[in-house]
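In the text below, chain A, chain B and the rest are named by the order of the sequence lines, each starting its count at 1.
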2 protein chains.
Amino acid sequence: MPDPDVIDLPNFLPYRLAVATDAVSGRLARRYREEFDLSIPEWRVMAVLARFPEISANEVAERSAMDKVQVSRAVAQLLRSGHLDRRADAADRRRTMLSLSPSGQEIYRRIVPMARAYEQDLFARLSDREADILMQALVRLSQP
Amino acid sequence: MPDPDVIDLPNFLPYRLAVATDAVSGRLARRYREEFDLSIPEWRVMAVLARFPEISANEVAERSAMDKVQVSRAVAQLLRSGHLDRRADAADRRRTMLSLSPSGQEIYRRIVPMARAYEQDLFARLSDREADILMQALVRLSQP
DNA sequence: TGAAATTAGTTTCAAATGAAACTATCGTTG
DNA sequence: CAACGATAGTTTCATTTGAAACTAATTTCA
């Protein structure tokens, strides 16, 4: 019977969640880095732009759970490595419209199977029902 | 029906996990900081020492999913703020035995109800069965 | 209209983090 | 027992990250 005055870290939800994310993100980050020389923020930007081409940096931020500073830095790096194209918005010259360059599309095309396979590897540890409940629980925990 | 060539970030498990952890840890970190002026690594060290008094820094690292550098830095800070006591191990003078100081115990005693209440707040978003499945799923995802 | 407030995005500076090197002590074995 | 390797913990240095300040363009509204 657990002592109510002492917290058992391995059973403490925020800790367990952080440990799981460290493990899952860590392995994935290593693959992005080794196989594609991308950081996770860079990958997120590419993933958003693959799904929503020609959007602004701010819209990328909204769709990737990153702030505008993170996006700005990831975009700068992706421009350096040639995976992104950027053009000024004629209607509002503060905004810049972003999209994957041909090289970015090519890399993205190669990332997708790896990312899917990795995700499948994770889901293989769970039954379908457990996976559903997990995904839904994570959404609930994300709410403010 | 989902496009197999495009990944939908909000439904991608590693992303959803990272977003949930950011939310959960972020809110908690803010409270530790505001109410107790502690970082999460410092809190982890204290939580481990409350449960396992008089252990070495290495043992703290093993029990807190941190590496020895993180533990060393957190311990240094906790010594500065007076929440930890440290004494050399007579048998092995490389090791130092750590424990919560009276002030550390006092802080810990005040943290526990806050941390439990916060965790309860999270679990309140889930049914008991969902919570069980979530906790178990997180353990499975943490495995190498 | 035009000054003030807002928005998009970047840069700066300080603090946090990670990897590798380092110090000190201990254990092992020739 | 002396040299060598292993272990506990710290420090250094480079990179990453976060918060705030900044620039440039746009919108608001007196």
Are A:L126 and A:I133 close enough, and set up right, to give a side-chain contact (heavy atoms from CB on, under 4.5 Å), and what steps lead you there?
CA-CA 10 Å; A:L126 310 170; A:I133 290 174; over 6 Å; no

Tell me the interatomic distance from [X], atom [atom1], to [N], atom [atom2], rounded to whole angstroms.
X     : N      : atom1 : atom2 : result
B:D67 : C:dA20 : CG    : C1'   : 12 Å
A:Q77 : D:dT17 : CD    : P     : 12 Å
B:M66 : C:dG18 : CE    : P     : 11 Å
A:I40 : C:dG18 : CD1   : P     : 13 Å
B:Q70 : C:dA16 : CD    : P     : 13 Å
B:D37 : C:dA15 : CG    : P     : 14 Å

Would you verify whether the NZ or CZ of A:R63 falls within 45 degrees of the ring axis of A:F52 while also being under 6.0 Å from that six-membered ring's centre?
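Yes; both conditions hold, so A:R63 lies above the ring face of A:F52.
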
Should A:F123 and A:Y118 count as side-chain neighbours, where that means a heavy-atom distance under 4.5 Å?
no

Using the rule that Ile, Leu, Val, Met, Phe, Trp and Tyr join whenever any side-chain heavy atoms are under 4.5 Å apart, tell me whether A:V6 and B:M114 fall into a single cluster.
yes

Check: B:E106/B:S103 side-chain N/O donor and acceptor closer than 3.5 Å
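No.
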
Treating primed atoms plus P, OP1 and OP2 as sugar-phosphate and everything else as base, which nucleotides of nucleotides 4-14 of chain C get B, S or - for protein heavy atoms under 4.0 Å?
--BBSBBBB--

Nearest-nucleotide comparison on DNA chain D, the residue closer to the 5′ end among A:R33 and A:A90:
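This one resolves to A:R33.
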
For A:R51 and B:I7, work out which heavy atoms get closest and say how close.
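The pair with the smallest heavy-atom distance is CD-O, 3.9 Å.
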
